[in-house]
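Below is one structure, written out as structure tokens; the observations come after it.
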Amino acid sequence: GALPTFQTAVAAITLGTEQATTSGTSIDFTGIPSGVKHINVMFKGVSTSGTSNLMIQIGDAGGVEATGYLGAACNTATPAAANFTTGFGLTGSLAATSVVHGCATLSLEEATNFTWMSSGNLGFSNGAQVSAFAGAKSLSATLDRVRITTVGGTDTFDAGAINISYQS
């Protein structure tokens, strides 16, 4: 007999607009459409003015949420690990001279509670070091924004660029 034919719908990947990370204390990507299930946050030569760890915060129509995050990040060279509750932590330790490159993946794990998982790696080009991270966070509504900032929230970006891509 004939073999069954399987068809799989492949969602197109939408690339955001790259934002320079040469000033300011946070980088926001807003207007992420409903139905998105995967988001990549891409870091190209990103540096900050201080030692506060990098993190990603997510949010919905009510704004960026700064509580309820679970997870940790660890750097290979230091080695230093840290737990994070105010965002998805990306670095276990950071120096003002740190320059990072890589991707953080955010994946919708469960749609009813708007639960998102994070994971990824950042490589440091100013020294032989890699940061690995993972975490979880439930929102109060559908995700529509992503913020990249630091734990202290006052260190300023001073080099590089960040972009996102997403798909349903």
Mind checking whether [X] and [Y] sit in one hydrophobic cluster, side chains of I, L, V, M, F, W, Y counted as touching below 4.5 Å?
X: Tyr166; Y: Val41; result: yes
X: Met55; Y: Met117; result: no
X: Phe124; Y: Ile56; result: yes
X: Ile162; Y: Val151; result: no
X: Leu108; Y: Ile39; result: yes

Any luck finding a side-chain donor-acceptor pair between [X] and [Y] under 3.5 Å?
X: Ser26; Y: Thr149; result: no
X: Ser131; Y: Thr91; result: no
X: Ser140; Y: Asp60; result: yes

Has the side chain of [X] got a donor or acceptor atom that lies under 3.5 Å from a matching backbone atom of [Y]?
X: Gln19; Y: Ile27; result: no
X: Ser165; Y: Leu15; result: no
X: Ser118; Y: Ala134; result: no
X: Thr48; Y: Thr156; result: no
X: Thr21; Y: Ala159; result: yes

Is there a side-chain contact between [X] and [Y] (heavy atoms, below 4.5 Å)?
X: Ile58; Y: Lys137; answer: yes
X: Phe133; Y: Phe88; answer: no
X: Ile148; Y: Phe157; answer: yes
X: Thr67; Y: Tyr69; answer: no
X: Leu54; Y: Leu94; answer: yes
X: Leu143; Y: Ile32; answer: yes
X: Glu65; Y: Leu139; answer: yes
X: Phe114; Y: Ser138; answer: no

From [X] [atom1] over to [Y] [atom2], what is the distance, rounded to the nearest 0.5 angstrom?
X: Asp28; Y: Arg147; atom1: CG; atom2: CZ; value: 4.0 Å
X: Glu18; Y: Met42; atom1: CD; atom2: CE; value: 9.0 Å
X: Asn121; Y: Cys74; atom1: CG; atom2: SG; value: 11.0 Å
X: Gln167; Y: Ile13; atom1: CD; atom2: CD1; value: 4.5 Å

*After noting the C-alpha distance and the side-chain angles of Ser119 and Thr105, does the key distance pass the side chain to side chain donor-acceptor pair (under 3.5 Å) rule?*
CA-CA 5 Å; Ser119 65; Thr105 300; 5.1 Å; no
What pair of heavy atoms forms the shortest contact from [X] to [Y], and how long is it?
X: Ser52; Y: Asp155; answer: N-OD2, 2.9 Å
X: Gln57; Y: Gly87; answer: CG-CA, 4.1 Å
X: Ala82; Y: Gly92; answer: CB-O, 4.2 Å
X: Ala96; Y: Thr51; answer: N-CG2, 4.1 Å
X: Ala104; Y: Leu90; answer: CB-CD2, 4.4 Å
X: Val99; Y: Ser47; answer: CG2-CB, 4.3 Å

*Please walk me through it: do Ser125 and His101 pass side chain to side chain donor-acceptor pair (under 3.5 Å)?*
CA-CA 7 Å; Ser125 60; His101 313 265; 2.9 Å; yes
